2 protein chains.
Amino acid sequence: MTAATADVLTKIKRFLAAGPTEGLRRFLREVHYADLAEVLPELNLAQRIKIIRMCEPSKAAAILYQLDRSEVKELLEGLGEWRAAAILREMSTDDAADLLGEMPQEERERFLSLMGAAEAEDVQELLEYGPDTAGGIMTTEFVSVREDVTAQEAIEILRATAPDAETVYYVYVVDKENRLVGVVSLRELILSAPATRVADIMRTEVIRVDVNTDQEEVARIVAKYDFLAVPVVDARNRLLGIVTVDDILDVVEEEATEDILRLANIEYEGRYFESGVVKRATKRLPWLVALMFGELLAGHVIANFSATLSAITALAFFMTVMAGGPGNLATQTLAVVVRGLATGEVNSRAVLGVILGEVRVAVIVGLVSGLVLAGIAYAWQGQTVLGFIVGLSLALSMIVAAIIGSLVPLVINRFGFDPALASGPFITTLMDVCSMLIYFGLATFILHRYLI
Amino acid sequence: MTAATADVLTKIKRFLAAGPTEGLRRFLREVHYADLAEVLPELNLAQRIKIIRMCEPSKAAAILYQLDRSEVKELLEGLGEWRAAAILREMSTDDAADLLGEMPQEERERFLSLMGAAEAEDVQELLEYGPDTAGGIMTTEFVSVREDVTAQEAIEILRATAPDAETVYYVYVVDKENRLVGVVSLRELILSAPATRVADIMRTEVIRVDVNTDQEEVARIVAKYDFLAVPVVDARNRLLGIVTVDDILDVVEEEATEDILRLANIEYEGRYFESGVVKRATKRLPWLVALMFGELLAGHVIANFSATLSAITALAFFMTVMAGGPGNLATQTLAVVVRGLATGEVNSRAVLGVILGEVRVAVIVGLVSGLVLAGIAYAWQGQTVLGFIVGLSLALSMIVAAIIGSLVPLVINRFGFDPALASGPFITTLMDVCSMLIYFGLATFILHRYLI
């Protein structure tokens with residue numbers, strides 16, 4: 001909470017303690033809804049309901065959308081049906097669909113019935129689209145005009161519809177079948193002579209997205225073209241809605257969260273810390289156990305080489321380095337490749353070049369750290385051959401780590417899946433098996449060839 | 001590259017092969033600069049220069065800003081001073097500062113001297129601010145008016161300055177000392193009666209940021225309030241510039257990249273794959289070697305328990321599971337906590353609650369996987385005591401992993417540093433030491449107490 005927001009909280013508490021409500025009502029009108037949404041959880045339920053009641057329905061709607069879903073339900077129920085209905089009607093259709101989409105069927109229908117029939121129908125329609133598609137994040141509140149209106153008329157239409165539209169900065173131009181034929185910005189409208197026909201100033205090369213486009217792709221388009229909004233059309237090019245840049249910011253945040261959690265081998269929808277301990281554990285357990293079997297495979301490799309381990313017991317002291325070092329390098333390679341794919345930096349390059357580049361990095365890193373480790377092993381245990389074994393296997397394992405760390409996410413990406421699914425834990429477990437094979441394999445080879 | 005962009009490339013190649021330039025020139029006018037920036041690297045230098053020459057300077061500037069920095073230099077030099085100057089003058093000041101800021105001193109000054117004196121001064125000023133602050137990402141091209149103008153006059157001012165301003169959707173209101181006193185949106189201006197004074201319709205509670213505010217904080221504010229732009233002021237509230245939402249999208253992307261790389265223990269500025277292999281290796285090497293010493297500490301623990309290891313050699317087969325499993329759990333915990341801190345989900349909760357929650361998750365996960373591993377150990381090696389040792393130490397280590405994985409980033413965050421600095425490799429290395437201590441410690445205790 002910033003100092004400014006903390007200040008809002010202090011003032012609201014003072015107003016609530018003081019009693020008379022006129023001052024509070026005035027104060028609430030001045031404060032931004034995002035600040036109110038941030039301080040509300042600090043108050044008790046009765047106080048929260050009181051605050052929401054005092055706000056205009058449109059502001060109350062904006063506040064509600066920012067709250068945790070569990071709180072929204074409590075509040076809507078505490079407010080009573082009439083007030084809840086007024087607030088839901090004022091909510092933009094995409095926000096309402098988002099909110100109701102996360103509720104159980106029964107509650108959703110009860111709240112839908114509270115909304116006006118027209119709004120409920122719009123929201124119902126939005127609920128049909130996948131939540132991670134353009135349809136799932138678009139709003140139906142935009143301004144569209146027909147080609148034959150003038151700039152002046154377009155501005156008039158804008159004036160009339162502005163209070164309901166989510167952005168007035170683009171006016172979309174449609175033909176009589178509601179097919180998208182052009183776009184004109186508010187900026188262009190006010191810069192044009194009033195009598196100019198919209199058809200003469202509109203841009204006809206409109207970048208649009210299909211209603212089923214993945215939200216990540218929509219975000220890339222908005223970011224690439226620096227748009228404030230992008231129009232959404234169906235297969236027949238009919239204009240269905242728009243996705244605004246504020247929703248895109250949310251998508252970018254959400255996708256980064258998804259990538260970071262996937263890299264740590266967690267699949268999670270929604271807010272992690274909001275859910276119960278058992279749900280969190282059951283989400284994470286299957287992969288942790290699966291990876292344990294992977295590590296057991298590495299243990300199996302060691303068991304197969306137990307004769308070598310008995311002959312040179314000091315090999316055991318270096319097992320953690322031998323597993324850890326290449327594992328860390330593989331984790332790094334995975335991170336740069338996955339992020340490079342997400343930002344598009346890697347897509348534009350030849351896949352082989354990416355892998356070879358990382359392998360060359362690993363050769364340098366492997367040689368240096370291999371030499372350092374060989375020196376330490378010799379100094380610590382006083383065995384030249386041990387130094388040679390640990391140094392060389394570390395260097396070799398690191399090169400393998402670079403190949404695995406880059407190849408696996410690139411292959412996953414090539415098959416159309418999220419490369420972040422090649423999580424760090426998965427890659428390091430795979431590396432542990434490889435490292436143990438290289439380490440004990442090399443040790444056994446040298447043992448048999450030169451020592452026995 | 002999308003199908004649409006690939007199509008642009010095909011057409012450009014056809015135009016270039018055909019010879020006459022009028023068609024190409026017309027085509028370039030229609031294509032979005034972001035698409036041109038994407039196809040340009042596919043052409044040779046002579047063709048690239050030809051394309052840039054044919055674009056209007058403002059479009060050429062937008063294209064150049066999107067290209068890799070090394071390409072920009074080549075192009076600006078190939079274009080000749082006069083044309084380069086024209087393009088740099090058309091670039092928005094924040095983009096120009098960004099571009100020139102990454103060049104060596106000497107080149108920067110040469111290009112600055114090519115720009116007009118006024119523009120060069122603006123850019124020079126922007127270069128003084130830290131690149132990761134509000135000052136470093138703001139533009140000086142915005143529209144501001146004095147309080148006493150009317151809505152009609154404000155629109156006129158907007159019309160006059162629009163071609164230069166980066167966003168015309170907010171008009172900032174300043175007093176005669178250039179101090180920010182209000183803001184009015186273009187939407188409000190066109191919705192008001194023409195004779196209304198701006199002072200009467202402006203909002204005076206303007207959310208603003210200080211010029212030295214960290215860009216991550218600026219991004220949070222823009223995202224929180226759903227702004228299209230936020231004004232930047234100095235310590236005396238004088239309006240210096242604005243940060244627009246398209247730059248915020250870049251910041252959010254950049255910060256997510258920073259977090260993902262930091263979580264893999266890589267500190268990297270700029271585009272990773274653009275830099276040479278040696279630079280990449282030297283950036284990554286120090287930490288990899290440092291972590292190797294951490295792993296050696298774990299090896300040292302094992303060496304100290306070598307008597308136990310000789311007594312129960314099968315302990316070696318489970319070392320990778322014992323290091324890997326808790327390491328994976330710690331990585332997961334780290335990821336959810338770091339991401340929770342970045343999105344603000346964790347900030348609003350009590351730190352102790354976060355840690356305890358994760359520990360309870362670890363108790364469930366640890367008990368289940370400990371039991372599974374105990375069963376496997378018994379079945380594989382036929383020793384009850386071994387099953388008991390591996391099962392119990394896995395469960396204990398996982399609980400420790402949850403504490404370390406959540407406590408370390410929270411402490412780092414408390415001291416004002418980026419919690420992502422508690423990288424996965426660092427946490428897993430620390431866990432390796434702890435796991436080996438628990439594993440061999442428990443084994444030795446049981447060995448002495450019950451077996452000998």
Side-chain angles (χ1 to χ4, degrees), chain A residues 30 32 34 159 168-169 187 191 205 223-226 245-246 249 252 256-257 260-261 264 266 271-273 277 280-281 284-285 288-289 291-292 295-296 298-299 302-303 309 316-321 323-325 328 331-332 335-336 339-340 345 357 360-361 364-365 368-369 424-425 429 432, chain B residues 30 32 34 159 168-169 187 191 205 223-226 245-246 249 252 256-257 260-261 264 266 271-273 277 280-281 284-285 288-289 291-292 295-296 298-299 302-303 309 316-321 323-325 328 331-332 335-336 339-340 345 357 360-361 364-365 368-369 424-425 429 432:
Chain A
E30 281 166 33
H32 195 283
R159 281 213 173 99
V168 296
Y169 301 120
R187 172 177 178 157
L191 292 177
E205 296 275 324
K224 175 176 167 187
Y225 297 107
D226 293 338
V245 69
D246 57 305
L249 262 181
V252 171
T257 300
I260 286 176
L261 294 193
I266 307 179
R271 306 191 188 188
Y272 177 83
F273 288 101
V277 165
R280 293 193 228 168
R284 288 166 58 177
L285 193 59
L288 285 170
V289 171
L291 289 171
M292 197 170 76
E295 294 290 358
L296 277 170
I302 303 168
L309 187 56
F317 312 156
F318 294 92
M319 270 170 56
T320 48
V321 186
N328 289 340
T331 304
Q332 293 190 336
V336 294
R339 193 57 193 163
E345 216 199 317
R360 284 155 68 203
V361 170
I364 301 175
V365 171
V368 175
S369 47
T429 302
D432 279 354
Chain B
E30 280 166 34
H32 195 284
R159 281 213 172 100
V168 296
Y169 301 119
R187 172 178 176 154
L191 292 177
E205 297 273 327
K224 175 177 167 184
Y225 297 108
D226 294 338
V245 69
D246 56 305
L249 262 181
V252 171
T257 301
I260 287 176
L261 294 193
I266 308 180
R271 305 190 190 188
Y272 176 84
F273 288 101
V277 166
R280 293 193 228 168
R284 288 166 57 176
L285 193 59
L288 284 170
V289 171
L291 289 171
M292 197 170 76
E295 294 290 358
L296 276 170
I302 302 168
L309 188 56
F317 312 155
F318 294 93
M319 272 169 58
T320 48
V321 185
N328 290 340
T331 304
Q332 293 190 335
V336 293
R339 194 56 194 165
E345 214 199 319
R360 283 156 66 204
V361 171
I364 300 175
V365 172
V368 174
S369 47
T429 303
D432 279 355

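Residue numbers start from 1 in every chain, and the chains themselves are labelled A, B, ... in the order their sequence lines are given, proteins ahead of strands. Since the model is a prediction, treat every value here as computed from it, not as a measurement.
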Heavy-atom distance under 4.5 Å to chain A: side chain of B/Ala323, backbone, both or neither? neither
Contact origin within A/Arg339 toward chain B - heavy atom pairs under 4.5 Å: side chain
Grab the two heavy atoms, one from A/Ala316 and one from B/Leu309, that are nearest each other, plus how far apart they are. CB-CD2, 3.6 Å
With chain B, the option among A/Thr331, A/Val361, A/Val245, A/Ile364 that has the most non-hydrogen atom pairs under 4.5 Å is A/Val361
Among residues at least two apart in sequence or on other chains, which ones pass side chain to side chain donor-acceptor pair (under 3.5 Å) with B/Arg280? A/Glu358
For B/Asn328, which residues count as a side chain to side chain contact (heavy atoms under 4.5 Å, CB included) partner, sequence neighbours excluded? A/Leu288, A/Leu291, A/Pro425, A/Thr428, A/Thr429
Please identify, among A/Ala264, A/Ala223, A/Gly324, the residue contributing the most non-hydrogen atom pairs under 4.5 Å to chain B. A/Ala264
Segment of A/Ala303 engaging chain B (4.5 angstrom heavy-atom cut-off): both
Choice from A/Val289, A/Asp432, A/Ile302 maximising heavy atom contacts with chain B below 4.5 Å: A/Ile302
Which atoms form the tightest heavy-atom contact between B/Ala34 and A/Lys224, and what is the distance? CB-O, 3.4 Å
If I measure from the heavy atoms of chain B, does A/Phe318 come under 4.5 Å with its side chain, its backbone, both, or neither? side chain
Mind checking the CD-CZ spacing from B/Gln332 to A/Arg284? Nearest 0.5 Å is all I need. 4.5 Å
Straight-line distance of A/Met319 CE to B/Met319 CE, nearest 0.5 Å: 3.5 Å
Closest non-hydrogen contact found for A/Val321 with B/Glu295 is CA-CB, 3.6 Å
Among the listed options A/Leu285, A/Thr257, A/Val365, the residue most often paired with chain B at heavy-atom distances under 4.5 Å: A/Thr257
At a heavy-atom distance under 4.5 Å, which candidate from A/Leu261, A/Leu296, A/Val368 has the highest pair count against chain B? A/Leu296
